[in-house]
Amino acid sequence: MADSTEKNRKKQKRTKAKAVESTFLSKTRKPEKKGKRKGRDNDQRKRRGGGPRLPNVLRQELGLDAKRNSSSDSDSEGGEDVRDFYELDEEVAQEESGKNRRFDEVENYQYELPDDFEDEEVPSDEGEDDSDKSEGEDQRDKEDGERHLRMLQDITGIPKEAFDGEKKKREEVLLSQADVRSEIVTIHDLLAPLQGMPGYSSLRKRVLQQEKQPMTLQAPLPKSERDKVQRKVSDKFARKEITKWEGVVKRNREAPTLFFEQDQNLGYSTVGAIASGFEPRTEFEKQMAQLRQDPELVEAYKNDGAKMLELNKVSVKDVIDRQNRLAKMRSLLFRHEMKAKRIKKIKSKTYHKIKKKERQKAASAELEMNPEAAKQQAIKQEQKRAEERLTLKHKNSSKWAKRILKRGLDVQDDATRAAIAEQLQKHEELKRKMNSMNNNESSTDEESSDDDDEEEDESKRALKALNKAKEKTAKVLEEGDEAPKKGLFALPFMERGLKKRQEEAYEEARQALEDYDATLNQLQDEGEEGEEETQQNSSAVKMTGKRTFGPAKKPVAQEYNKRKRLDDFGKDSDSEEEDGEFDEPVPQIIEDKNDKTEGVQLGTALLDEEQVMAQHAIFRNLDDMEKAVGPKTSYEVAIFAGDSFRKVRSDSGHSNKATTSSVIHTSKPSHETKETDQSYETDSDTEMVEGFLTTNLITDQKPDYELPSQAELVRRVFAGDDVAAEFERDKLETLNEENPEPEKPALVPGWGQWTHVQKKKGLPDWMVREHEEKKRKRGEALKKRKDAKFDHVIISETINRKAEKLMATSLPFPFTSKEAYEGNMRMPIGPDFNPASALSALNRPEIIKKPGLIIQPIEYEEVDPDETHDQPKRIIQGAKPKQSSKEKSKKGKLSNKLVPKTLGKKVKST
Amino acid sequence: MGEKEESNEPQSLNPASNQEEGILDKLEKKAKKYLRGNKTNLKNLRDKKLKGQLEVREKIYGNTAKVAARAEEWLKPSEEGLLEPENPLERTYRIQQSSILPEVDVLSVSKAFDMKLPDLGPYTIRYLSNGRYMLLGGQKGHLAMIDVLKMDCIKEFQVKERVRDVVFLQNDQLFAVAQKKFTYVYNRHGTEIHCLKDNQHPLKLEYLEKHFLLVGTNNFSQLHYQDISTGQVVANYRTGLGPTSVMSSNPYNSIISLGHSGGKLTMWKPTSGKPLITMLCHHGPITAVAYHPSGNLVATAGMDKKVKIWDLRKFESIHSIPGHAQTLDFSQKGLLALANGSRIQVWRDKGDQDFGLYMTHSIPKGYQVGTVKFRPYEDVLGLGHSMGFSSILIPGSGEPNFDSWVANPYETSKQRSKKEVRALLDKLPPESIMLDPGSIGMVRERQRKEKLTKREIEQQMVEAVVEVKSNVEIKNKTKGRNKPSKRAKRKQEEVFNAKKPFLEKQRETKEGPPQKKRRVLLEVAEDLPKSLQRFAKKKPM
């Protein structure tokens, strides 16, 4: 066996180099197959010194050693020498070419031969090409071709017709002459002497079967593709390895604070915990333990407990009810389980066998028909191969295999050895580069054909078995349809789960039934069985009427949803209407408010308060004065006084031109200034600046006066001051200062244009445009001012350079939006503004540890990905998992597996 | 006619669950106050990490607010007790001091008193921020410091000069007096510590606690800021609006407001020579200004027979009280006292900024009230008038719970000195006085004139290029000028043209004048005769 493994290794090397697959499979199988040729094997070993040459080996095995004496013998030996040399060269060349092929894979595939390639033996590995070539050449070449074909056949277990259609015929001819020409030995020749021996029939059957099956070799995937697959698989593994840390790292990153603490496990904390770990050691203790576990005592204790239970006063009826319910549930559960099991496990071997065959057949057919599927299959196999190569799962790496190898294979019994061999074979199988898919089939066929010895009644039996299986499945299907309507299974989620499972099972069974039908039909076509069974089948099929659950409810729900949505819509519209209704009164209220404020300002609506004032007579002096003067005279005086005052002012010459001078001519009762306010707000900015002027002009046109109210009279008393006008002027000034008015475009003679043109046309266009633009900009700026809405307020907009240093010039690092930053800054975190108990949370550092504590490297642990990590995390280092934590980890199997025992660490969340 | 201490808790007998809910609601309301604004909207944040961090932060803030709200229950056990009418027809302003005094406790009774000082009046008064000490300044030079808690005169002396205003500095140890010519600083023993000669002929004084600034107006219509910890004159601005003795400081942002004869109210900060805000409040000269402790409301009294209350957020008068007022003051709990002649009124916010008359009081006829000041942490209103000083009880005016970290009426000398050191360490620079102190630490908006960074220029360039590319329209031309290559070239040109200004800008930011090189060259050439200098090659150095 050791020898064989060595061989395997060598073979492996070779197969890698030459891209020829499937040699060693047959090789490893050989010792089992043809154990009687051991004597020759020794010979072969001697000859194989230079390195195992496949064709050579095969030839020897095929019984060509008899010919070795003849002319071909020396030839072959000479050939062998040459081959040895060649082999070396060839290997290098192949490797090099392999490298080259990396760069042009399209033109030069591995399975193609280089043009200058000439060899009689080596290309025989490559198959058809060579055999085609050899057809036109001399006899020896032909023979070589034949040998090659045979070899292929033997290796792959596929008849050579598969390799070449033309060859097939010729071979048949050759077959008939097999005994005449000893050089051409077919498998049948080899079989002939075995006739009559036990197992002969099965062997022959197999051979025949193999001959029947057509075979096409799949082209191996291009290297790039293979590499891709390889990468994919290895990436998966690597990713798995890496991503397992993600949870831990994420949690640690997201925790606002990490506490690092040394474990200070002081052991058991309670008496109960100590007692639970107690084991009797001394004689006395053991006796006591025995007493405690004495069944009689326990029984007595229990009885006592029962009494105590009685004292608990649960009504008998309740208990019985409960028991009944539980029993019912249990039985329901049990029955359901059984049913599910039955559906899941149809144990009919024949059924499985047939199904498997079916599957394979379909697969192979598809492979032939569909290049896409073939590719898929190839990729799949490649993936499996890569995985196997990565994990070496079957390469005696298991504990069991290691142990056996350690003991020595020779010591083991046959079964173990076989098992080991099988595993190895599986490994090889998986690891081997893809060529033929039919190898596996052959082995399964072996098994299957081993079972039934007689071929004649096979079809009959198959039919019978099929029918039986079909009936069974049909029955199961029928049964499975009943859904329990009561008890635990009536719960909605249980129902759902049940349905799902049932559907799965049902689907499976139905598939099986269909399969049966298909196979049955096939068989019936082939054979000539009675029609009774088919009738039965059809009846069975009819019986499996499909009941529908599930979807019937859906439309109702949908309808409900729809209706609800409709309702919502209606509601929305309703609410909109309501909104509309609500909207209307709002302005009224606002108006009311306006009225109020006006009233307040005018001081007319506050009569009662006035009365109060009068009662107390605090504010008498001015009132008295007013009364003494009398309304009419005072009004006239006020008018006169105001006008004269203004005139004086205008004479004194405010150089503010037309605007101010027009102001001067106006007297401004309060309501009229209100009007100006409105225009101020609504009109555009240019008007806003001059709004003062225009509105006042309007007021001038109002000739009729009404008797002024008390408040107005007071205003008139101070009319001489004309505070408001002054304020307006001030405001205008500040506005002009902060947003200076653009200079009027002026013509400088001789600049910009030809003189006569200039004179004629007036200002050039660009000047006017520029001026307009400036004006517009100023207007906009004025509009944007904070005090644009208020006529009684001036808000300075000069920028304070000194205060700028107290503000941030740009957003500090982690922040991306001003809003978020300012929101975060709004809260003071100092001790003056916050209660002491909340203060520590507000400004806790990111990492808290005691001085001197060494932070250990991060350790792996399971982290629930859905957990939010906004709590401070306590990491306790060097903690040994307590009893309770062990129990917990038992529940979570994964965590127990993944956490190494030595690195046990417990993390508490606080 | 009775009086009753108001309690906010519902009087009716509610079921327990209802009460609990009420408590929870209350707690939530309180917590909201401590959250200091709305939760940040994190939905638009794309950065997941930041989002997570901020979410955690918000959670902590929420917890903190809740803890603070819960702590309030213990830290602020009592509520102000206001006068409450028993029936709707009853008016609280009809309740006289004489009917209040028999009802209250002995301690409180002792707080209402009169001091007759007929010779050296009229008096101005000022309380220390913790409400323990009071300064009396008689116009004719009488100064007195009184411990109003113990009713003990600490120091009384004569400066024999006109006294216009008095103000406490950081604590009871020092106080400033605006005298005839200069401002003087005395200590509590009456020793003159400083004579501040920078501010001549002072009219009115104000002290900004957190900034250690003494603010004064003078006869030359100037506004004068002086740092009393360093003695430095921080600012001295001409208001240009005439001399005024109407001044008040906003407790929220330390902005100084001046009332002027033109009916204007101006607001100042030490770092700006122009008023931040000018408001036309009255149609006559302004006689008094007072700020609500929240800083949002300001009350002004004018000669136009109106007292107006303004909301500074809307710049709108929310209430107007007819009548004159020589002096105004807001209490800690938002009661507004105004005095005219010998009559005093107290107005109260009944909720939703609806002010109503709360109490009235009158001192004997002929007395002219010069100053009204609420005593902090007590339900006492002090009146400085022409015949001395009197204090009356105004229930619900003072803050019932004092914070010993802020102002402790019972502080020991040790605590006082510690607090002084602390306050000095926490002293705010004068720049931090601004309309919206909340903007400190926030991102300032970029000014137009500031230079753009390289990256921004690039970004703008990319935007411009994209725009050009999308908008470029190339005319069809004839005679071989419409080849694809030519079209492409034209397109490229367009793009380049769009890029050009930005590239120039970038170059400007990069390049400095190449003078240095030239100078080196000249140095080398100096040895040669002038005619040959231009052939001189620069040696490799």
Side-chain angles (χ1 to χ4, degrees), chain A residues 253-254 256 597 600-601 603 606 609-610 612-613 616 618-619 622 714-715 718 721 723-724 726-727 730-731 734 787 790 792-796 798-800 802-811 814-828 832 834-835 837-838 841-842 870, chain B residues 35-37 39-42 44-47 49-50 52-57 59-61 63-64 67-68 71 262-264 271-272 274-284 303-305 315 317 319-320 322-324 340-341 343 357 360 362 405 431-432 434 439-444 447:
Chain A
R253 272 197 193 155
E254 285 183 1
T597 50
V600 165
Q601 278 177 341
L606 293 162
E609 281 180 349
E610 288 269 3
V612 170
M613 293 301 113
H616 295 300
I618 310 172
F619 308 102
L622 251 171
V714 174
R715 189 189 304 282
F718 296 104
D721 289 339
V723 181
E726 201 183 329
F727 186 80
D730 277 359
K731 183 162 186 179
T734 43
D787 55 4
F790 312 106
H792 63 284
V793 181
I794 306 169
I795 301 171
S796 165
T798 47
I799 301 133
N800 193 1
K802 275 181 186 165
E804 268 180 1
K805 69 182 176 193
L806 300 173
M807 296 184 184
T809 46
S810 56
L811 279 171
F815 293 99
T816 47
S817 86
K818 199 179 165 194
E819 192 197 2
Y821 170 65
E822 287 178 356
N824 194 41
M825 285 283 288
R826 72 170 199 276
M827 197 79 168
D832 297 352
N834 293 300
S837 55
L842 270 175
D870 53 359
Chain B
L35 254 182
R36 293 168 167 94
K39 256 187 175 181
T40 327
N41 185 16
L42 300 173
N44 300 332
L45 273 187
R46 262 193 236 154
D47 187 347
K49 191 181 172 192
L50 177 65
Q53 284 173 346
L54 290 183
E55 265 164 13
V56 169
R57 207 77 206 144
K59 225 177 219 176
I60 294 173
Y61 287 166
N63 289 339
T64 310
V67 172
K264 281 187 212 163
T271 50
S272 154
K274 285 267 165 66
L276 297 174
I277 291 172
T278 312
M279 262 169 79
L280 182 65
C281 294
H282 293 276
H283 288 278
M303 290 292 276
D304 61 349
K305 206 192 153 213
F315 296 107
S317 148
H319 200 86
S320 174
H324 288 281
N340 177 40
R343 293 210 60 92
L357 188 59
T360 54
S362 55
W405 290 108
E431 300 92 77
S432 64
M434 54 179 78
S439 69
I440 292 176
M442 299 306 180
V443 180
R444 78 160 186 256
Q447 302 306 322

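Proteins come first, then strands; the chains are lettered A, B, ... in the order of their sequence lines, and each starts at number 1.
- Judged by distance alone, with hydrogens and angles left aside, the side-chain atoms of B:Arg444 form no donor-acceptor pair with the main-chain N or O of A:Leu806 at under 3.5 Å.
- Residue B:Leu276 holds its CG atom at 7.5 Å from OG1 of A:Thr798, rounded to the nearest 0.5 Å.
- Pairing each heavy atom of A:Val723 with each of B:His282, the nearest pair is CG1-O, 3.7 Å.
- B:Met279 touches chain A through backbone and side chain together, each having a heavy atom under 4.5 Å away.
- Considering every non-hydrogen atom in both B:Gly441 and A:Met825, the closest pair reads O-CE, 3.8 Å.
- Residues B:Ile60 and A:Met827 form no side-chain contact, since every pair of their non-hydrogen atoms from C-beta on lies 4.5 Å or further apart.
- To the nearest 0.5 Å, the span separating CD1 on A:Ile794 from NZ on B:Lys264 amounts to 6.0 Å.
- Note that NZ of A:Lys802 is 12.5 Å distant from OG of B:Ser432, once rounded to the nearest 0.5 Å.
- Contact check for A:Val793 versus B:Thr278: no side-chain heavy atoms found under the 4.5 Å cut-off.
- For the pair B:Arg57 (side chain) and A:Leu842 (backbone), a donor-acceptor distance under 3.5 Å is present.
- Counting heavy atoms from C-beta on, the side chains of A:Phe815 and B:Leu54 come closer than 4.5 Å.
- For B:Lys39, the NZ atom is loosely surrounded, since the number of other residues' heavy atoms within 6.0 Å does not exceed 12.
- Neither the backbone nor the side chain of B:Ser362 comes within contact range of chain A; no heavy atoms are under 4.5 Å apart.
- Between B:Thr40 and A:Tyr821, every side-chain heavy-atom pair lies at or beyond the 4.5 Å cut-off.
- Side-chain contact between A:Glu822 and B:Met442: present, with at least one pair of heavy atoms (C-beta onward) separated by less than 4.5 Å.
- Looking at A:His792, its side chain does come within 3.5 Å of a backbone N or O of B:Phe315 through a donor-acceptor pair.
- Shown here for A:Ala838 and B:Thr64, the closest heavy-atom pair between the two residues is CB-CG2, 3.7 Å.
- Only the side chain of B:Leu50 comes within less than 4.5 Å of a heavy atom of chain A; its backbone N, CA, C and O stay farther away.
- The minimum heavy-atom distance between A:Ser796 and B:Pro275, with the atom names listed, is CB-O, 3.4 Å.
- Both the backbone and the side chain of B:Arg36 come within contact range of chain A, each with at least one heavy atom under 4.5 Å from a heavy atom of that chain.
- Considering CZ of A:Arg826 and CG of B:Leu35, their distance stands at 5.5 Å, rounded to 0.5 Å.
- Counting heavy atoms from C-beta outward, B:Leu45 and A:Glu819 have side chains that stay 4.5 Å or more apart.
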